[in-house]
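To keep things clear, I will list the structure first and then write my remarks on it.
What you see below is based on every heavy atom in this structure, not just the backbone, and it leaves out hydrogens, waters and symmetry mates. A, B, ... follow the sequence lines: proteins, then strands. Residue 1 opens every chain.
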Number of protein chains: 2
Amino acid sequence: MDKVGIKEIAAKANVSIATVSYVLNGTRNVRPQTKERVLKVIEELKYKPNNIAKSLKSKKTNTIGVIAEDITVFNVPEIIDGINEYADRYDLHIVLTNLRLHKRVGHNYSNIGAFRKYAENAVSDLLAKQVDGIIYIGIHPRDVTGLIDPGDTPIVYTYCYTKNELSIQYNDEQASYDAIEYLYKKGHHRIAVITGLMDSIPSRLRFNGYFKAVTDFELPFEPQLIKVGNWGLESGLKLTKELLELADPPTALLVMNDVMAAGSLRAARSMGVRVPEDLSLVGFDNREFSDYLNPRITTMNLPLHEMGYSSMRSLLRIIGGDEEHAAEQVPLCVLIERESVAPLVD
Amino acid sequence: MDKVGIKEIAAKANVSIATVSYVLNGTRNVRPQTKERVLKVIEELKYKPNNIAKSLKSKKTNTIGVIAEDITVFNVPEIIDGINEYADRYDLHIVLTNLRLHKRVGHNYSNIGAFRKYAENAVSDLLAKQVDGIIYIGIHPRDVTGLIDPGDTPIVYTYCYTKNELSIQYNDEQASYDAIEYLYKKGHHRIAVITGLMDSIPSRLRFNGYFKAVTDFELPFEPQLIKVGNWGLESGLKLTKELLELADPPTALLVMNDVMAAGSLRAARSMGVRVPEDLSLVGFDNREFSDYLNPRITTMNLPLHEMGYSSMRSLLRIIGGDEEHAAEQVPLCVLIERESVAPLVD
DNA sequence: CTGTTAGCGCCTTCAT
DNA sequence: ATGAAGGCGCTAACAG
């Protein structure tokens with residue numbers, strides 16, 4: 001089966017290749033008769049267009065390059081899904097590059113130098129493929145300024161920060177503020193918090209929100225109720241135990257990710273502390289499994305899908321020359337109420 | 001900044017465009033002197049190659065189209081990661097299409113007609129982009145024969161079955177056989193099983209494995225120890241309760257996915273049955289959260305990464321004309337031992 | 001309404 | 001060791 005191009009169909013339909021092109025793209029009026037004839041031949045010869053050739057001419061590929069730091073990290077697939085929804089709607093295609101950071105550099109991804117080569121290669125490949133724009137998806141909200149140079153190609157970052165280009169992020173500070181407010185309205189005053197590593201932006205932002213809420217609601221500020229974790233389950237377990245062993249333990253606990261929250265649950269159980277009866281617990285991330293734990297935990301949802309979708313919208317605006325309106329309002333987190341919080345009665 | 005192509009660099013370096021092409025591709029000997037001169041100009045002008053043009057000529061894009069039924073379903077990202085590892089190694093690119101099945105047709109994905117249009121569009125787009133081959137990643141191991149027609153383009157399916165083309169799958173039957181054998185060797189004889197929906201291929205295969213093991217190890221076959229679930233947590237919970245309410249409850253339980261196993265844990269706890277002391281539990285899938293549950297559950301790992309990697313290897317073999325060796329040995333599942341199984345002592 | 005034609009950026013055969 | 005030149009499949013002026 002030889003390749004059939006518009007030339008072949010032109011010959012068989014007794015028209016010029018131009019006409020074929022025009023009926024294919026509806027880019028000029030063609031006599032219905034001719035048009036039909038051409039269409040019939042296209043059908044018969046099972047013509048398949050070649051977008052490569054088309055792109056070469058038109059200088060537009062209608063494809064967006066997506067660089068994901070690691071597609072196996074929980075936040076990434078949903079962000080890509082949001083990108084896809086936009087892409088589907090506007091008939092764009094996605095070229096995906098997976099940096100595979102986790103498997104390649106482990107948890108050392110804060111050290112930008114360690115994977116700059118990978119990132120630079122990804123960008124070169126994408127540029128060579130003439131993508132119309134690039135979206136960079138981080139696996140941890142940190143500053144990634146200077147990692148790559150996309151040249152003239154528009155780029156939008158998400159789930160990470162950058163000083164020079166647009167980055168789409170959710171509002172961490174607001175989110176933890178909301179969580180504390182929620183707990184406060186349930187009657188809790190002595191609210192403990194387990195943060196992530198404090199060299200991370202979201203940890204600081206979330207702590208800011210916590211502190212702001214504590215101030216606004218005039219809650220007691222007790223440093224021993226503040227624990228710094230490392231995002232891992234074991235640290236959630238250990239720190240929750242410490243909290244529970246306090247002479248005057250907190251009645252509620254905000255844990256800055258669901259994995260540590262799973263550790264909190266384990267700690268509580270091992271000490272005979274019931275959740276939520278004796279301790280209210282709020283997690284962060286709304287990981288799928290937070291609904292599988294026992295009790296099902298109340299947690300802060302991340303607007304991942306929306307971040308992907310917004311990134312695309314912003315990128316397309318930039319590509320369209322509308323830089324002004326590219327910056328979207330930041331996607332918001334909303335609390336998912338489940339079973340791990342009870343009102344404080346006493 | 002105008003586009004600089006090999007023409008521009010040829011001019012500035014006082015050579016022909018042919019020479020530039022040759023130094024770029026190392027496809028012919030060039031005098032070191034000339035070569036260096038050209039390279040210098042390339043550097044100066046920040047030349048960026050255009051793979052679109054290259055592909056048009058060479059008829060090879062070095063890119064593989066990946067169609068994922070839904071990237072947000074747990075098995076997909078890891079499979080893609082495997083694909084990426086291979087792609088990185090052999091300098092291939094990936095264009096990703098996400099059918100978004102879950103969000104678009106819900107759990108109705110067994111009804112192939114419901115999303116044929118999406119799938120066909122995906123294939124057309126990929127073919128238009130001149131991909132060298134296609135990998136189709138299912139979200140549930142079922143037969144998708146006839147869903148799409150990739151024409152002459154090589155295709156490999158994974159995490160689903162097809163009658164006409166190659167599909168890479170793990171060995172379900174072996175996996176559940178192994179799980180039962182493991183339990184048997186721990187001293188268990190009365191082993192219950194909660195299957196998934198029985199209209200699904202893996203459920204049947206896994207049941208076969210169970211039954212084969214029961215036969216091989218001469219275990220009692222008691223129909224009341226067999227429960228048919230629907231993959232959801234609630235069904236695991238309900239059926240485990242039924243099992244535990246039996247006059248003579250099983251001492252061990254194989255649950256065919258981790259989500260239902262989370263339900264089993266909940267059921268056990270609500271009835272005061274301890275896992276693993278009173279009931280040993282083995283899950284399936286090795287979902288990340290299976291390590292977060294309490295107790296951490298022993299579960300059967302799926303070789304997802306390997307499936308992705310193998311799919312690529314097979315596809316590339318087919319592309320290379322080596323159809324014979326395309327079919328890989330099937331990837332194996334291995335049991336991850338954690339805390340939910342105890343030896344039976346009595 | 002339709003045809004002719006000049007490229008898009010690069011590879012590659014054929015000369016030199 | 002290097003150049004000249006003809007496409008790859010398609011689009012879009014420019015002419016009828």
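Note on ring orientation: taking the six-membered ring where Trp is involved, the planes of A:Tyr159 and A:Tyr170 are tilted (angle from 30° to 60°). Ring pair B:His305/B:Tyr309 is parallel by interplanar angle, where below 30° counts as parallel and above 60° as perpendicular.
Across the helix from C:dC1-D:dG16 to C:dT16-D:dA1, the helix axis at one end is tilted relative to the axis at the other end by 40° (nearest 10 degrees, each axis from five pairs).
Annotation: of the two residues near DNA chain D, B:Asn29 and A:Leu24, the 5′-most nearest-nucleotide partner is B:Asn29.
A donor-acceptor contact shorter than 3.5 Å links the side chain of B:Asn75 to the backbone of B:Gly138. Counting only distance, with no hydrogens or angles, the side chain of A:Arg28 and the backbone of A:Ser21 share no donor-acceptor pair below 3.5 Å.
Computed from coordinates, the B:Ile52 CD1 to C:dC11 C1' distance equals 15 Å when rounded to whole Å. In this structure, CG of B:Leu56 is placed 12 Å from P of C:dC10, rounded to the nearest angstrom. Atom P of nucleotide C:dG9 and atom CD of A:Gln130 are separated by 9 Å, given to the nearest angstrom. Remark: C1' of C:dC11 and CG of B:Asn51 are 13 Å apart, rounded to the nearest angstrom. Between the CG atom of A:Asn50 and the P atom of C:dC8 there is a distance of 18 Å, rounded to whole Å. B:Ile42 places its CD1 atom 13 Å from the C1' atom of C:dC10, with the value rounded to the nearest Å.
Rounding to the nearest 0.5 angstrom, the gap separating the OH atom in A:Tyr157 from the CG atom in A:Leu166 is 10.5 Å. The CD1 atom of B:Ile52 lies 12.5 Å from the NZ atom of B:Lys54; values are rounded to the nearest 0.5 Å.
At a threshold of 4.0 angstrom between heavy atoms, the contacts of B:Thr34 are confined to the sugar-phosphate backbone, with no base atom among them. Across all strands, B:Val20 comes closer than 4.0 Å to no nucleic acid atom at all (heavy-atom distances).
With A:Glu69 as the partner, the salt bridge (charged side-chain N to carboxylate O under 4.0 Å, His left out) test is satisfied by one option alone out of A:Arg142, A:Lys103, A:Arg100: A:Arg142.
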Identify all pairs in which a protein N or O lies below 3.5 Å from an N or O of nucleotides 12-16 of chain C, and state each distance.
from, atom 1, to, atom 2, distance (Å)
C:dT13, O4, B:Tyr22, OH, 3.0

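At the phosphate of C:dG9, neither OP1 nor OP2 sits under 4.0 Å from any side-chain N or O atom of B:Lys48.
Put simply, chain B comes within 4.0 Å of DNA chain D, heavy atom to any atom, from D:dA1 to D:dG9, going 5' to 3'.
Annotation: cation-pi geometry not satisfied between A:Arg104 and A:Phe115 (NZ/CZ under 6.0 angstrom from ring centroid, within 45° of ring axis).
Using a 4.0 Å cut-off between charged nitrogen and carboxylate oxygen, B:Arg89 and B:Glu85 count as a salt-bridge pair.
Of all heavy-atom pairs spanning A:Lys35 and A:Val30, the tightest one is N-CG1, 3.8 Å.
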Legend entry - Test salt bridge (charged side-chain N to carboxylate O under 4.0 Å, His left out) applied to B:Lys117 and B:Glu120, step by step: CA-CA 5 Å; B:Lys117 264 283 152 291; B:Glu120 282 176 350; 3.2 Å; yes
